[in-house]
Amino acid sequence: MTNEVEELLVIRERLRLRQQQLSQVNRKIRSISRQLEPIQEQVQNFYNQLAIAPASIAPQNQQEFDSLELDRYTEIHISLQTFQELMLQFQENYADLNSLIKTFLII
């Protein structure tokens, strides 16, 4: 019985250390996320400006025609779209991590 109690205490301590590590990573990610928010907003604004006047910003030979959307996209458009998608994935994963930490704290 004593061995089992000691084993439970060791397991509890390991879980506490893991929880501290998760909380630390969560704080770092939250900080990074806050720093990225204004950049993401600027990228969105720039992308919107490109959508309004793509021909005036990019030379004609650098544009790629999308027959489905009947629009012309430049390398900048594609890069900005990729950046926005990655930011969305980052935010979704941050939300998932936050949920896991909250669940872990309840246990």
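What you see is a predicted model, and the numbers here were worked out from it, not measured in a lab.
Cluster membership check: Leu80 does not share its hydrophobic cluster with Leu88, using side-chain heavy-atom separations under 4.5 Å among Ile, Leu, Val, Met, Phe, Trp and Tyr.
Enclosure of atom CD in Glu4 is not indicated, since only 12 or fewer non-hydrogen atoms of other residues, nucleotides or ligands lie within 6.0 angstrom.
With sequence neighbours left out, Ile11 forms a side chain to side chain contact (heavy atoms under 4.5 Å, CB included) with Glu7, Leu15. Residues passing the side chain to side chain contact (heavy atoms under 4.5 Å, CB included) test with Glu13, sequence neighbours excluded: Arg16, Leu17. Legend: residues meeting side chain to side chain contact (heavy atoms under 4.5 Å, CB included) with Glu6, ordered by chain and number and at least two apart, are Thr2, Asn3. Under the side-chain hydrogen bond (donor to acceptor under 3.5 Å, both in side chains) criterion, Gln89 pairs with no residue at all, not counting sequence neighbours.
Put simply, the side chain of Asn93 reaches to within 4.5 Å of the side chain of Asp96, judged on heavy atoms. Side-chain contact check for Gln84 versus Gln81: some heavy-atom pair is nearer than 4.5 Å.
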Let me have the donor-acceptor pairs involving side chains of residues 26-43, under 3.5 Å, with sequence neighbours excluded, atom names and distances please.
from, atom 1, to, atom 2, distance (Å)
Asn26, ND2, Asn98, OD1, 3.1
Arg30, NE, Tyr94, OH, 3.1
Gln40, OE1, Gln91, NE2, 2.9

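Rounded to the nearest 0.5 angstrom, Phe83 CZ and Phe46 CZ are separated by 13.0 Å.
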